[in-house]
Amino acid sequence: MILRIHDTYQRTKVEFVPHDATHVQFYVCGPTVYDYAHIGNARPIVVFDVLFRLLQRLYPKVTYVRNITDIDDKINARSAETGEPISEITARTTAQFHEDIVALNALPPTVEPRATDHVAEMIVMIEDLIAKGHAYAADGHVLFNVPSWDEYGRLSRHSRDELVAGARVDVAPYKKDAADFVLWKPSTKNLPGWDSPWGWGRPGWHIECSAMASKYLGDVFDIHGGGQDLIFPHHENEIAQCLCDKPSEGFSKYWMHNGYLMSEGEKMSKSLGNFYTINELLREYPGEAVRLLLLKTHYRQPLDFTKSGLDEAKRELDRFYGALRGLNVPRVEGDPADAVVEPLTDDLNTPLALSALHASLRDLNNVADPDAQSVAAQSLMRSASVLGLIEQDPEDWFRWRPANAGGLDDDAIEDLVRQRTGARSAKDFATSDRIRDELAEAGVVLEDKPDGTIWRRG
RNA sequence: GGUCCGGUGGCAGAGUGGCUAUGCGGAGGACUGCAAAUCCUUAUACGUCGGUUCGAUUCCGGCCCGGACCUCCA
């Protein structure tokens with residue numbers, strides 16, 4: 001099966017030809033750990049999780065590297081602001097991040113390197129860049145010299161002149177060229193720092209991904225991913241660093257970038273405070289609804305993330321889990337349906353894949369024979385798994401309730417259901433309906449099936 | 001100013017040079033003690049102005065609107 005992806009370098013869809021067909025390797029820029037991850041962070045996590053799942057179906061071995069950025073001036077600023085030690089901020093935030101994305105059913109990457117563990121590699125790369133004439137030390141800083149490399153700007157399609165003309169910040173006096181960017185900068189004694197040939201200091205932002213990608217994936221690998229906003233300057237600079245360091249190698253063969261997010265119709269902005277953190281959404285909605293909402297839009301399209309969208313995603317999942325509920329079909333390994341995989345091989349067309357999943361659901365709902373049901377249900381589940389959906393126990397899905405939700409607990413509900421069942425068998429429909437109304441009031445919906453009554457939280 | 005992306009039915013959202021996805025919601029029907037769930041049926045669409053074409057929502061151009069990026073925000 002041929003995989004086609006949109007390559008940012010070429011700005012077009014291309015056939016994916018791995019560097020090594022027995023072992024596909026890709027790198028995605030992970031979070032900077034200073035605060036709760038927001039929904040904008042969740043999109044690349046979910047999108048590239050689908051890519052990971054798909055690649056695992058198509059190739060024998062896949063290595064997925066996603067870093068944790070735990071050196072950053074935002075972290076330092078947060079620590080200065082709150083007094084919490086940097087190591088505690090990063091440890092706490094990393095743990096929170098992991099907890100959040102597990103709820104989104106994202107598989108762990110193969111390797112999750114942290115910047116602080118790779119400063120030595122960064123220093124080596126910086127030394128090489130200086131030796132090769134692409135970087136220079138000045139005033140305790142080391143800077144990458146942009147005019148030293150002709151190809152600079154190829155990914156983002158910016159020329160050096162445009163960049164300088166459009167610059168929003170003053171040019172630091174130690175820069176040879178206005179477009180030069182920092183590889184290493186000095187630290188004061190109350191900031192995180194490491195000994196280096198240029199004194200006590202810390203790395204610039206871009207060098208960490210270059211160093212970690214090279215370390216875990218080698219000098220050439222297949223795909224580098226991230227949010228669209230990383231194209232410039234982050235990825236542009238990563239490319240410059242790696243290709244200048246190892247001119248004969250290719251670095252990443254393909255680049256994939258997910259589109260930006262809006263929130264409730266407005267652009268997300270920290271100053272407006274109108275972004276949702278994953279954590280706060282998880283108190284109100286199941287993580288799977290968040291995941292589905294993100295996958296309902298193609299990854300390169302803009303996506304307006306809304307709570308009404310989450311409500312809709314949850315209703316959709318109710319249908320899937322409702323069809324599987326009570327079937328007790330075991331999960332077995334097997335191939336997903338082509339109708340679901342094929343759209344994914346066309347640049348991760350998740351909306352089209354989801355429509356095939358809905359067709360599969362209809363098929364399941366249209367069969368009555370238990371054997372046929374079992375076959376249809378397994379097919380549905382296997383297909384959904386490529387998207388990381390419908391992987392939980394349906395009972396758990398229907399019993400999920402928001403954090404701090406009031407109302408009835410499971411035992412209280414089941415007690416009322418039993419009372420109602422008694423009333424119904426006595427043909428006391430007045431009592432039966434009264435109990436139904438009472439439960440409905442508490443957000444519980446009943447379904448009378450031939451073999452008994454089941455309930456769910458609506 | 002530069003670079004780039006998008007505008008599809010009430011909403012979400014694919015896709016295609018002619019056969020007009022899918023979902024949510026709405027309407028009608030079947031089923032049900034009543035419901036719910038499910039199934040069936042159904043309505044409503046491609047920003048705007050031109051061009052190419054036998055034919056354009058789909059290709060080309062102008063315009064309008066929205067958004068992103070332009071030195072550290074996914």
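Each chain gets a letter, A, B and so on, in the order the sequences are listed, and its residues count up from 1. Only this structure's heavy atoms are used, side chains among them; waters, hydrogens and symmetry mates stay out.
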**Report entry** With A:Leu352 via side-chain contact (heavy atoms from CB on, under 4.5 Å) - residues at least two apart
**Finding:** A:Pro343, A:Asn349, A:Ser355
Query raised in the report: With a non-hydrogen cut-off below 4.0 angstrom, is A:Glu236 in contact with a base, only sugar-phosphate, or nothing?
Result: nothing
Query raised in the report: Paired with B:rU3 by Watson-Crick or G-U wobble geometry, both distances under 3.5 Å: which nucleotide is it?
Result: B:rA68
Query - Partners meeting ring pair (Phe, Tyr, Trp, His ring centres under 6.0 Å) with A:Trp205 (sequence neighbours left out) - result: A:His234
**Report entry** Partner set under ring pair (Phe, Tyr, Trp, His ring centres under 6.0 Å) for A:His118, not counting sequence neighbours
**Finding:** A:Tyr216
**Report entry** Test side-chain contact (heavy atoms from CB on, under 4.5 Å) applied to A:Asp448 - qualifying residues, sequence neighbours left out
**Finding:** A:Arg420, A:Arg424, A:Arg436, A:Thr453
Report task. Establish, yes or no, whether the cationic atom of A:Lys314 lies under 6.0 Å from the six-membered ring centre of A:Tyr285 and within 45° of the ring axis. Result -> no
Report task. Using the test ring pair (Phe, Tyr, Trp, His ring centres under 6.0 Å), find all partners of A:Tyr299 that sit at least two apart in sequence or belong to another chain. Result -> none
**Report entry** C1' spacing across the pair B:rG25 / B:rG13, given as an integer number of angstrom
**Finding:** 14 Å
Query raised in the report: Would the A:Tyr276 and A:His38 ring centres measure less than 6.0 Å apart?
Result: no
Query raised in the report: Would you say the side chain of A:Arg43 and the base of B:rA74 hold a donor-acceptor pair, judged only by whether the two atoms sit under 3.5 Å apart?
Result: no
Going by atom type alone, with no hydrogens or angles, which donor-acceptor pairs under 3.5 Å involve a side-chain atom of residues 361-371 of chain A and a protein atom two or more places apart or on another chain?
from: A:Asn366; atom 1: ND2; to: A:Arg362; atom 2: O; distance (Å): 3.3
from: A:Asp369; atom 1: OD2; to: A:Asp371; atom 2: N; distance (Å): 3.3
from: A:Asp369; atom 1: OD2; to: A:Ala372; atom 2: N; distance (Å): 2.9

Query raised in the report: What interatomic distance, in whole Å, is found between P of B:rG61 and the corresponding atom of B:rC24?
Result: 38 Å
Enumerate all atom pairs, one protein N or O and one N or O from nucleotides 39-42 of chain B, separated by less than 3.5 Å.
from: B:rC39; atom 1: OP1; to: A:Arg319; atom 2: NH2; distance (Å): 3.3
from: B:rC39; atom 1: OP1; to: A:Asn365; atom 2: ND2; distance (Å): 3.3
from: B:rC39; atom 1: OP2; to: A:Arg319; atom 2: NH2; distance (Å): 3.3
from: B:rC40; atom 1: OP2; to: A:Arg362; atom 2: NH1; distance (Å): 3.2

Report summary line: Taken in chain and number order and not counting sequence neighbours, the residues that satisfy ring pair (Phe, Tyr, Trp, His ring centres under 6.0 Å) with A:His358 are A:Phe320
Query raised in the report: Does a distance-only test, which skips hydrogens and angles, find a donor-acceptor pair under 3.5 Å between the side chain of A:Ser355 and the base of B:rG13?
Result: no
Query raised in the report: A:Lys185 side chain: which of B:rC72, B:rA12, B:rA74 is closest?
Result: B:rC72
Query raised in the report: Is there any side-chain hydrogen bond (donor to acceptor under 3.5 Å, both in side chains) pair reaching into residues 141-155 of chain A, and which pairs are they, with sequence neighbours excluded?
Result: A:His134-A:Ser148, A:His141-A:Tyr174, A:Asn145-A:Asp180, A:Glu151-A:Arg154, A:Tyr152-A:Asn237
Contact list (N/O, under 3.5 angstrom) for nucleotides 25-31 of chain B vs protein:
none

Requested in this report: Counting heavy atoms from C-beta on, name the nucleotide in B:rC34, B:rU22, B:rC73 closest to the side chain of A:Asp72.
Outcome: B:rC73
Query raised in the report: Is there a donor and acceptor pair closer than 3.5 Å between the side chain of A:Asp448 and the base of B:rC34?
Result: yes
Query raised in the report: B:rA35 pairs with which nucleotide, Watson-Crick or G-U wobble, both distances below 3.5 Å?
Result: none
Report task. Ignoring hydrogens and angles, answer whether the base of B:rG15 and the side-chain atoms of A:Asn349 contain a donor-acceptor pair closer than 3.5 Å. Result -> no
Under 3.5 Å, N/O pairs linking protein and nucleotides 66-68 of chain B:
from: B:rG67; atom 1: O2'; to: A:Tyr260; atom 2: OH; distance (Å): 2.8
from: B:rA68; atom 1: OP1; to: A:Lys267; atom 2: NZ; distance (Å): 3.0

Query raised in the report: Which value, in whole Å, describes the distance between the C1' atoms of nucleotides B:rA68 and B:rA36?
Result: 45 Å
**Report entry** Partner set under side-chain contact (heavy atoms from CB on, under 4.5 Å) for A:Gln392, not counting sequence neighbours
**Finding:** A:Glu288, A:Tyr321, A:Asp396, A:Trp397
